[in-house]
Amino acid sequence: MKKITQLPVDPGPAAWNAILPPQKARAALDSHCTADWVVIGAGFAGLSAARRLAELHPADRIVVLDACRIAEGPSGRNSGFMIDVPHDLSSDDYGGNAGNDQRQIRLNRAAIDYALQAKAQWQMSDEAIAASGKLNGAVTARGVAHNQAYAKHLDQLNEPYERLDAQSMQEVTGTHAYAEGLYSPGTVMLQPALYTRILAAGIESSRLQIYESSPVVSLEKQGSLWLVNTPEGSVSAPGVILTVNGHLQSFGYYQRHLVHVFTYGSMTRALNEKEVSALGGKDNWALTPADPLGTTVRKISGTGGHRIIVRNRATYDPSLVVDERRIARVGQDHERSFAFRFPMLKDVSMQYRWGGRLCLSLNGVSVFGEIESHLYAACCQNGLGTAKGTIAGKLIAELASGESSALLNDQLADTGPKKLPPAPIAKIGASARLKWGEFRAGKEL
Ligand SMILES: Cc1cc2nc3c(=O)[nH]c(=O)nc-3n(C[C@H](O)[C@H](O)[C@H](O)COP(=O)(O)OP(=O)(O)OC[C@H]3O[C@@H](n4cnc5c(N)ncnc54)[C@H](O)[C@@H]3O)c2cc1C
């Protein structure tokens, strides 16, 4: 029997979920049942895997278990960028290769197609998901150089983009902070909690059940079946799919191969009419930083009113836990980033602050495949799980169902994560790298 060594803890509120009307809690698993498939984890990867299993096997019984509630875990606490082109193209010392980038673009675009199909199937609003593109904003000369490098690599990949000067950036964002921007049209923007909620409700049926607050505490092979135990119930099934991202290591797999990082967000209270007009710019926009370790910013106008969300800082936390003091400390960085960009909103405070887990690997690849007989994993999304989790979830369901395709071969080309150096060296190396990167980001942070 495999005992799960650690359960997920999500620090701070899931702001995107908190600004929506409350949702009715789903039941926790409280008895024994049988199923054809169990999916563990109900984030982007888990919901996508369950959705695909239901499409491929309409008569099968599928059980989805999550330790927390839908949209409360990392899938409901991210910045909502579903990005089509590789994210690291902007670095000066970019060492990728075009073949690998094209492969990643094919996978990301397949994820976006699958999410847009869900939009059509369950009549999601543009607030939940919209093909709006995104800006890469540069504050400093160094940021502008990053955008230049980014543009060069997009040219090599034959991908479209548009460069924006400071005035055009101000017309979109309302702030004078940005010297330059690069607009790329292929990114799809999510209200991650709204999207995740509608997707979860859409896939549920008499054959597919989602249990919330149902952490898996042990996993056991019994003959040809897996027995999956939660504190108050259990499910036995021939096939199990693990979509728990970095918590894969808590299941005893890929220990010392996964890099656990937390990143942090803050969301303002709703702006009043006066503040909205003092800010100016468009109702909705989405900006990633030209320097990868800078500040991501979004302006949203929807169910929770007009708000601004900032995300920055990344910390290496192999313990998979951060405390409230960290959230408060990082909150001060958010205050600085916000005040620098939005001096016209000096009376606007942050209503929510939170953190969330990312799982990376040293060589930037995912864990994807059959890790034991009829036990499959689609984990380690390398920080871009809205797209990577969605497609890995869809494809793991196809792999487990014996399907084959060129896209599945693209995903299978990930060779598996490299082993980390001994713990103290990994800790010093990763923390120093993040701190140095953030220092160099300067005003981009
Ligand atoms: C502040 C922030 C901003 C981000 N911005 C972006 C962005 O703009 N774009 C982007 O692509 N990515 C972004 N990310 C990353 C993104 O959120 C993740 O990559 C994504 O959520 C991974 O999806 P997943 O389904 O693989 O895993 P998760 O969303 O982590 O889902 C895994 C689920 O497994 C559950 N679980 C774990 N252990 C157990 C257990 N024992 N039993 C039952 N359930 C268990 C967890 O509760 C969780 O709900 C951001 C993350 C943060 C924190």
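Remember, it's 1-based here, ligands and their atoms both numbered in the order they're listed.
Each of the following atoms of ligand 1 lies closer than 4.0 Å to a heavy atom of Arg77: 1 (C), 2 (C), 52 (C), 53 (C). Listed by atom number, the atoms of ligand 1 under 4.0 Å from Cys68 heavy atoms are 47 (O). Of all the atoms in ligand 1, the ones that sit under 4.0 Å from a non-hydrogen atom of Leu7 are 41 (N). For ligand 1, the atoms closer than 4.0 angstrom to any heavy atom of Pro215 are 42 (N), 43 (C). The atoms of ligand 1 that sit less than 4.0 Å from any heavy atom of Phe81 are 7 (C), 8 (O), 9 (N), 10 (C), 11 (O). The atoms of ligand 1 that sit less than 4.0 Å from any heavy atom of Gly41 are 33 (C), 34 (O), 35 (C). Every atom of ligand 1 is numbered from 1 in the order shown, and the set under 4.0 Å from a heavy atom of His247 is 37 (C), 38 (N). Under a 4.0 Å criterion applied to the non-hydrogen atoms of Ala45, ligand 1 contributes the atoms 25 (O), 26 (O).
Under the ring-ring contact (aromatic ring centres under 6.0 Å, His included) criterion, Phe342 pairs with Phe338, sequence neighbours left out.
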inquiry  = Using salt bridge (charged side-chain N to carboxylate O under 4.0 Å, His left out), reason through Lys221 and Glu372 one step at a time and then give a plain yes or no.
reply    = CA-CA 10 Å; Lys221 189 86 200 230; Glu372 278 196 47; over 6 Å; no
task = Start with the C-alpha distance between Gln249 and His260, add both sets of side-chain angles, then the distance that settles side chain to side chain donor-acceptor pair (under 3.5 Å), and finish with yes or no.
result = CA-CA 10 Å; Gln249 89 173 28; His260 304 291; 2.7 Å; yes
key: Evaluation steps, side chain to side chain donor-acceptor pair (under 3.5 Å), between Lys282 and Asn284   = CA-CA 6 Å; Lys282 299 201 166 164; Asn284 292 284; over 6 Å; no
request  = For Arg326 and Tyr264, run side chain to side chain donor-acceptor pair (under 3.5 Å): C-alpha distance rounded to whole Å, both residues' side-chain angles, the deciding distance at 0.1 Å, then the answer.
outcome  = CA-CA 10 Å; Arg326 173 79 66 68; Tyr264 306 86; 2.7 Å; yes
request  = Would you sort out whether Thr263 and Arg311 count as a side chain to side chain donor-acceptor pair (under 3.5 Å), showing the intermediate values?
outcome  = CA-CA 7 Å; Thr263 187; Arg311 183 216 58 83; 2.7 Å; yes
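Of the residues listed (Thr296, Thr295, Asp333), the one engaging Asn312 in a side chain to side chain donor-acceptor pair (under 3.5 Å) is Thr295, and it is the only one. Each of Arg197, Arg26, Lys24 was evaluated against Glu212; a single residue qualifies, Arg26, per the salt bridge (Lys or Arg N to Asp or Glu O under 4.0 Å) test.
Taking the ring centre of Phe368 as origin, the terminal cationic atom of Lys388 falls outside the region bounded by 6.0 Å and 45° from the ring axis.
Taking a cutoff of 4.0 Å between a charged side-chain nitrogen and a carboxylate oxygen, Arg357 and Asp317 do not qualify as a salt bridge. Between Arg52 and Glu55 there is a salt bridge, with a side-chain nitrogen of the basic residue lying less than 4.0 Å from a carboxylate oxygen of the acidic one. A salt bridge is absent between Asp323 and Arg329; no separation between the charged side-chain nitrogens and carboxylate oxygens falls under 4.0 Å.
When only non-hydrogen protein atoms are considered, atom 22 (C) of ligand 1 lies nearest to Asn245 ND2, 3.7 Å. In this structure, atom 53 (C) of ligand 1 lies nearest to the protein heavy atom Gly356 CA, 3.3 Å.
Within the structure, the ring-ring contact (aromatic ring centres under 6.0 Å, His included) test picks out the following pairs touching residues 25-47 (sequence neighbours left out): Trp37-His57.
In terms of polar-atom proximity, defined here as any N/O pair under 3.5 Å, Ser79 does make such a contact with ligand 1. Residue Ser214 places no N or O, backbone or side chain, under 3.5 Å from any N or O of ligand 1. Taking distance alone, with nitrogen or oxygen atoms compared against 3.5 Å, Gly355 stays at or beyond that limit from ligand 1. For ligand 1, the polar-atom distance check finds no N/O of Leu358 at less than 3.5 Å from any of the ligand's N/O atoms. Taking distance alone, with nitrogen or oxygen atoms compared against 3.5 Å, Thr386 approaches ligand 1 more closely than that limit. The shortest N or O to N or O distance between Gly383 and ligand 1 is under 3.5 Å. Close N/O approach between Phe44 and ligand 1 is found [any backbone or side-chain N/O within under 3.5 Å]. Taking only nitrogen or oxygen atoms, main chain and side chain alike, Ser75 reaches within less than 3.5 Å of ligand 1. At a 3.5 angstrom cut-off on N or O pairs, Ala42 does not count as close to ligand 1. Where the criterion is an N or O separation shorter than 3.5 Å, residue side chain and backbone included, Gly385 meets it with respect to ligand 1.
The shortest separation from a heavy atom of Phe262 to ligand 1 is not under 4.0 Å, leaving the residue out of contact.
Across Thr5, Thr263, Asp66, heavy-atom proximity to atom 33 (C) of ligand 1 is greatest for Asp66. Closest to atom 3 (C) of ligand 1 by heavy atom, among Ile83, Leu47, Asn78, is Asn78.
Annotation: Lys443, atom NZ; neighbour count of heavy atoms from other residues, nucleotides and ligands within 6.0 Å does not exceed 12.
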